[in-house]
**Student:** 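Please see the structure below; I have some questions.
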Amino acid sequence: MNKSRNKAFSISESSRRSKVVAGTLVILYALVTMIPLVWIFLTGFKSPPDSIAYPPKVFFTPTLEGYVNLFTTRSRQTPEYIKSLGPPKTWYEELVRKRNMVITGPSRFKDRYMNSLVIGFGSTFLAVFLGTLAAYGFSRFRVPLKDDLLFFILSTRMMPPVAVAIPIYLMYRQLGLTDTWLGMILLYTAVNVSLAVWLLKGFVDEIPREYEEAAVIDGYSRFQAFVKVVLPQMRTGIAATAIFCLIFAWNEYAFALLLTSGTAQTAPPFIPQIIGEGGLDWPAVAAGTTLFLIPIVFFTILLRKQLLRGITFGALRK
Amino acid sequence: MAEVVVEALQKQFGDFIAVHDSSFTVRDGEFFVMLGPSGCGKTTTLRMIAGLELPTGGRVQLGGEDVTWLRPAQRDIAFVFQLFALYPHMNVRKNISFPLRMQRVRRSEIRQRVDEVAQMLRIEHLLDKPVSNLSAGDRQRVALGRAIIRRAKAFLFDEPLGALDAEFRDLMREELRQLHDRIGATSIYVTHDQIEAMSMADRICVMNQGKVLQVDTPMDIYERPKTKFVASFIGSPSMNFLSAKGRIPVGSRQIQVNGTCLEMPRLREALDAEKAEIGIRPEHIRISSKGPLKGRVFAVEYAGASQMVTVDTSAGRLKVRIDNAQRVRENEVVRLLPDPTKIVVFDPHDDHALDSELFEEKHHE
């Protein structure tokens with residue numbers, strides 16, 4: 001008889017070989033998903049010719065041209081004119097002049113990035129805040145028509161949000177909400193709040209009522225019990241929900257393109273516009289994308305423990 | 001410390017009546033156990049006393065004050081939950097001091113009182129540990145600590161030992177009772193475990209299907225059950241029941257069971273019905289050649305200190321507890337002698353026990 005067949009095996013402790021196989025697969029998958037990110041990151045440091053070179057260049061002389069182009073607007077000038085300007089005052093002026101251009105002013109990327117931060121985090125905070133209160137209410141109180149209301153809340157996610165783009169556009173125009181922070185925050189909150197209510201309700205349901213009852217008997221009001229006893233135990237759920245909401249609000253493109261143009265435009269519709277300014281400036285696009293990725297990566301790493309627990313939480317519900 | 005008076009308390013959930021017209025008084029400093037099968041309404045009653053449920057009828061008084069409609073926080077009671085309900089995000093000290101931190105007690109006093117309580121419960125070494133790593137017994141002690149630190153008027157316990165394994169349960173039972181004796185606080189303790197009830201209680205309140213059936217000392221509950229349910233619920237194995245001939249006048253001392261005449265305590269209440277039912281505990285029957293009942297031994301179970309003999313008689317199957325010295329074999333024909341002073345007669349209509357001399361010699365606490 002085969003020797004390995006006779007060996008006892010354990011469900012909880014995997015064998016050495018299956019560990020190796022699993023590890024290799026995970027690493028391979030990570031590599032495949034990382035390649036586009038790495039490529040974007042690298043392209044941000046290439047010169048424009050390097051970025052469109054064929055075959056693609058993996059090794060190149062890094063330059064900050066892409067980042068300079070991202071943050072500035074430039075105009076093309078004759079070499080004679082550039083010479084007449086005298087020596088460049090800064091390193092980035094020097095970079096730009098090599099391509100026969102002069103800096104005419106800052107680009108609007110900084111403002112767009114700021115808009116993204118305000119709208120993304122603002123709507124996430126609002127959606128999670130409202131979602132937490134609603135989830136607690138639905139979980140603990142006898143709400144009339146509870147199931148219907150919950151279904152109604154869920155039903156707002158049953159169609160792609162863009163399906164209501166035109167009505168929302170018309171509505172926003174009437175209300176003067178187009179191209180405002182408030183308008184975008186409200187819109188993303190409205191989309192996210194249903195997700196937040198459903199996710200968070202699951203978390204509240206898992207917290208035994210006894211905790212609040214114990215606190216209420218010990219002299220705390222219902223609200224104090226909620227703040228002191230329920231909220232700390234919802235931390236995981238709130239973190240997980242916040243990440244999901246932020247990812248949606250941060251990455252949202254269609255509404256941002258339709259409803260914002262000037263003051264409240266977020267980064268996603270802005271970044272592709274860079275291509276139009278002075279040729280196919282891929283390094284600038286890549287630089288913008290890299291900077292755009294940073295907050296969400298940072299936020300996710302910060303909350304990754306909670307996120308992991310949050311996703312697996314409630315998997316074994318009675 | 002206070003007396004708890006429950007008057008005609010009622011709780012209805014839709015069409016379902018969870019607690020039906022319950023009344024009882026818990027005396028000051030008493031250890032009062034509410035006992036019954038699951039779903040009998042004992043926990044609901046306790047929660048109404050605590051203020052966690054509002055009654056649909058009746059009143060609750062605590063220390064002479066009507067608290068029926070007060071919020072739990074205003075009642076000054078402490079509650080120990082079955083699953084402990086220790087706050088997982090706080091360590092042991094914070095858990096125990098939680099009730100005090102609400103009451104604006106000075107920091108130094110909180111510290112002193114926590115230390116006092118921890119010493120009493122022998123958990124000083126755990127004070128700075130998170131609650132998540134504690135054993136079930138220690139968690140229970142922390143939960144007790146959180147309850148007693150308040151010095152509340154009454155302590156309510158909802159099956160506090162239900163989540164412990166058997167070994168801890170015995171230990172905590174003793175600790176709990178000792179703690180009560182030391183503090184002397186009025187305690188109401190809900191359980192479905194008759195051993196807990198019998199061993200800890202000053203008085204037991206037996207409930208079934210939302211009704212209070214009997215409130216008495218453990219001894220009276222055991223020896224003088226007022227209804228057939230109480231008789232059958234308490235005791236393991238439960239009381240033997242045999243059907244008997246009815247229409248018995250007041251003062252009668254004998255009853256006919258399947259043609260055999262048995263002596264019993266003198267009745268002080270007549271039975272009008274065609275049939276009666278008698279109850280006798282296994283340890284109140286002896287195997288003796290003078291016995292009036294004849295039967296064949298069906299099984300003998302050896303249980304160390306005693307043995308349990310199952311005997312088939314013409315009136316029905318009986319369990320008999322005898323000491324382990326007596327030799328009885330299966331299929332042997334034996335005669336059974338019930339103790340005439342211990343027989344209880346039930347009215348088959350409403351299952352209540354007929355009043356007799358048995359109830360006269362009631363133990364007074």
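Note on naming: letters A, B, ... go to the chains in the order of the sequence lines (proteins, then strands), and numbering restarts at 1 for each one.
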**Student:** Would you say the side chains of Thr56(B) and Gln12(B) form a donor-acceptor pair under 3.5 Å?
**Tutor:** no

**Student:** How long is the straight-line distance from CG of Leu35(B) back to OH of Tyr189(B), given to the nearest 0.5 Å?
**Tutor:**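 One gets 11.0 Å once the value is rounded to the nearest 0.5 Å.
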
**Student:** If you look at every heavy atom in Phe32(B) and Thr25(B), which pair is closest and at what distance?
**Tutor:**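 Looks like CE1-O, 4.2 Å.
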
**Student:** What part of Leu86(B) gets within 4.5 angstrom of chain A, counting heavy atoms only: side chain, backbone, both, or neither?
**Tutor:**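 Only the backbone of Leu86(B) comes within 4.5 Å of chain A.
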
**Student:** Please state whether the side chain, the backbone, both or neither of Ala147(B) comes within less than 4.5 Å of a heavy atom of chain A.
**Tutor:**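 Neither part; nothing is under 4.5 Å.
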
**Student:** Is Asp202(B) salt-bridged to Arg177(B), going by a charged N under 4.0 Å from an acidic O?
**Tutor:** yes

**Student:** Let me know if Arg75(B) has heavy atoms under 4.5 Å from chain A in its side chain, its backbone, both or neither.
**Tutor:**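 Interface part for Arg75(B): neither.
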
**Student:** Which atoms of Leu52(B) are under 4.5 Å from chain A, going by heavy atoms: the side chain, the backbone, both sets, or neither?
**Tutor:**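 For Leu52(B), side-chain heavy atoms alone lie under 4.5 Å from chain A.
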
**Student:** Judged by modelled atom types alone, do Asp193(B) and Thr191(B) share a side-chain donor-acceptor pair under 3.5 Å?
**Tutor:**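 Note: Asp193(B) and Thr191(B) side chains miss the donor-acceptor criterion.
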
**Student:** Can you tell which part of Glu212(A) gets under 4.5 Å to a heavy atom of chain B, answering side chain, backbone, both or neither?
**Tutor:** neither

**Student:** Where does Phe98(B) contact chain A at under 4.5 Å (heavy atoms): side chain, backbone, both or neither?
**Tutor:** both

